Amino acid sequence: MPWLKRRHSLVLAIALVATTVLALGVGWMRSPLAGVSSERAAFVLANGLAATHPDYRIRIDDASEARKSLQNVSVPVLLEPRAAYPLLRGQEATRRENIEFLRSGEVTQPLLRPWRLTGAIHEPVSSPFLRDDADFLSLSDPQHQLRALIVGWLSEPMTEEAVDLWLPKGIDVAIFTERGSVGAPVSWDTHFCRDRNLPCPPDELLGASEGFRRWVAALRDEDSPLLTKLGLDLTDLRNRAKNGMMYGFIASAELEEIKNLSHKGQVRSIQIISAGLADARD
């Protein structure tokens, strides 16, 4: 009978829809996205990206919230190449990008092109100073106008507090892994709490080592798979945070301060990344 055929077709259609919905539900529950909030993904991925790329300044974009959909979690970040303090950079130096945590479990990162600072972090140390750097150090700067962004590598691991004794304004970035070591570098920079969504007042300024310790202390065991996507190991991070020793640093310093650093026996090498005149307002 026609009505019986129509009823049979309707039952089949309902069963097909139910099966599809159930399959999608099971797939979602098995997806790496399940149980990961957009806020948690932002806290782990944005900070992890910053930790593995000391050649860039990377911040959580608090003007744009992380978004979660059935397909991915999108984490907005602000990034820019590091500049020699206190030279001011306009908004054109900062760009907005997204880290995507896909349903497949993959993480897609923004394209960060290597530049002079990248090489100074990853390539083996060939000499204490490059020829151009030695020429720069021979300059005279009686008005204290010359500032430079430098990378220093230590002969032995030291604490940030010890190195800060050489630099009145402190370091910009602490590097907790040796130069040329296999895998992603582990680093942290001086920052405001709002830049990293750490549990502290937004306008509080944290030193590199203290900020690193607070971030690692806030990580959970279930964050380990996300960290692995960025080349980080949670156990290793906890050990380095507890140890607190750094192998190198990035700093913005005056010419005379750099000259003084070059005479320190604990400093293995110094490379000058960029230089310019200090801002008149500093």
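Treat the numbers as computed from the prediction; the structure is a model and nothing was measured. Note: hydrogens, waters and symmetry copies are ignored here, and every other heavy atom, side chains too, is used.
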Could you check Gln266 against Ser155 for side-chain hydrogen bond (donor to acceptor under 3.5 Å, both in side chains), going step by step and ending with a plain yes or no?
CA-CA 5 Å; Gln266 302 95 322; Ser155 300; over 6 Å; no
Spatial distance of atom OG1 (Thr190) from atom CD (Glu210) [nearest 0.5 Å]
11.5 Å
Closest non-hydrogen atoms of His53 and Gln109, given as atom of the first, atom of the second and distance, are CE1-OE1, 3.7 Å
Applying salt bridge (charged side-chain N to carboxylate O under 4.0 Å, His left out), name anything that partners Glu65, two or more places apart in sequence or on another chain.
none
Applying a strict under-4.5 Å side-chain criterion to I, L, V, M, F, W and Y, I'd like to know whether Met158 and Leu261 cluster together.
yes
Indicate if Phe212 and Phe192 have the same hydrophobic cluster label, given that clusters are the connected sets of ILVMFWY residues with side-chain heavy-atom separations under 4.5 angstrom.
no
Could you give all pairs that pass the salt bridge (charged side-chain N to carboxylate O under 4.0 Å, His left out) test and reach residues 37-53, with sequence neighbours left out?
Arg40-Asp223
Selection residues 200-234 - residue pairs positive for disulfide bond (SG atoms under 2.5 Å apart), sequence neighbours left out
Cys193-Cys200
Flag the pair Tyr247 / Phe176 as yes when their ring centroid distance falls below 6.0 Å, and as no otherwise.
no
Criterion side-chain contact (heavy atoms from CB on, under 4.5 Å) on Arg95 and Glu80, from CA distance to verdict
CA-CA 7 Å; Arg95 75 177 195 263; Glu80 59 184 318; over 6 Å; no
To the nearest 0.5 Å, what is the distance between CZ on Arg116 and CG on Leu149?
10.5 Å
Any idea which heavy atoms bring Ser252 and Asp172 closest together, and the distance?
OG-OD2, 2.5 Å
In Å and rounded to the nearest 0.5 Å, what is the OG1 to CD1 distance from Thr94 to Ile58?
12.0 Å
Check: Leu117 and Arg82 side chains under 4.5 Å, non-hydrogen atoms:
yes
Ile270 side chain reached by Val151 side chain, heavy atoms, under 4.5 Å:
no
CZ on Arg179 to CG on Leu154, rounded to 0.5 Å
12.5 Å
Shared ILVMFWY cluster between Leu205 and Leu198, side chains joined below 4.5 angstrom?
no
Backbone N/O of Gly231 and side chain of Thr52: donor-acceptor pair under 3.5 Å
no
Do Val107 and Glu100 have side chains that approach each other closer than 4.5 Å (heavy atoms only, starting at C-beta)?
no
Side chain proximity check, Thr118 to His122, heavy atoms < 4.5 angstrom:
yes
Report the relative orientation of the aromatic rings in His191 and Trp188; use parallel for angles under 30°, tilted for 30 to 60°, perpendicular for over 60°.
perpendicular
Are Leu102 and Ile99 in one and the same hydrophobic cluster, where Ile, Leu, Val, Met, Phe, Trp and Tyr link if side-chain heavy atoms are under 4.5 Å apart?
no
Using modelled atom types and a 3.5 Å cut-off, is there a donor and acceptor pairing between side-chain atoms of Lys68 and backbone atoms of Val36?
yes
Check the side chains of Asp221 and Ser224 for a donor-acceptor pair under 3.5 angstrom, ignoring hydrogens and angles.
no
Is Arg196 salt-bridged to Asp189, going by a charged N under 4.0 Å from an acidic O?
yes
Kindly indicate, with the supporting measurements, whether the criterion side-chain contact (heavy atoms from CB on, under 4.5 Å) is fulfilled by Asp233 and Thr228.
CA-CA 6 Å; Asp233 178 81; Thr228 301; 5.8 Å; no
Could you tell me whether the side chain of Lys264 and the main chain of Val163 form a donor-acceptor pair under 3.5 Å?
no
Side chains of Arg214 and Leu206 in contact at under 4.5 Å (non-hydrogen atoms):
yes
If you define the side chain from C-beta out and look only at heavy atoms, does anything of Arg194 sit under 4.5 Å from Asp203?
yes
side-chain contact (heavy atoms from CB on, under 4.5 Å) between Trp153 and Ile175: does it pass, once the steps are laid out?
CA-CA 9 Å; Trp153 291 97; Ile175 303 176; 3.9 Å; yes
What are the two closest non-hydrogen atoms of Ile60 and Ala42, and how far apart are they?
CD1-O, 4.1 Å
Which atoms form the tightest heavy-atom contact between Ala46 and Val77, and what is the distance?
CB-CG1, 3.7 Å
Apply salt bridge (charged side-chain N to carboxylate O under 4.0 Å, His left out) to Glu254 and Lys169, showing your working.
CA-CA 10 Å; Glu254 295 181 2; Lys169 293 187 178 179; 5.7 Å; no
To the nearest 0.5 Å, how far apart are CG in Asn197 and CZ in Phe43?
7.5 Å
What I'd like to find out is whether the side chain of Thr177 reaches to under 4.5 Å of the side chain of Arg240, using heavy atoms alone.
yes
Ser209 side, atom OG; Met245 side, atom CE - distance, nearest 0.5 Å
10.0 Å
Using modelled atom types and a 3.5 Å cut-off, is there a donor and acceptor pairing between side-chain atoms of Asp195 and backbone atoms of Arg59?
no
4.5 Å side-chain heavy-atom contact, Asn98 and Ser64:
no
Decide side-chain contact (heavy atoms from CB on, under 4.5 Å) for Phe101 and Leu226; before the verdict, give the C-alpha distance in whole Å, the side-chain angles of both, and the deciding distance to 0.1 Å.
CA-CA 9 Å; Phe101 179 31; Leu226 272 183; 3.8 Å; yes
Are the charged groups of Asp61 and Arg96 less than 4.0 angstrom apart, N to O?
yes
Closest non-hydrogen contact found for Pro54 with Pro185 is CD-CG, 3.9 Å
Under the salt bridge (charged side-chain N to carboxylate O under 4.0 Å, His left out) criterion, do Arg268 and Glu178 qualify, and how do the steps go?
CA-CA 12 Å; Arg268 182 182 178 190; Glu178 295 180 284; over 6 Å; no
Nearest heavy-atom pair of Leu167 and Ala253: which atoms, and what distance?
CD2-CB, 3.9 Å
Exactly one candidate in Ile273, Val173, Asp55 meets side chain to side chain contact (heavy atoms under 4.5 Å, CB included) with Ile250; the answer is Val173
Salt bridge present between Lys259 and Glu257 (N-O < 4.0 angstrom)
no
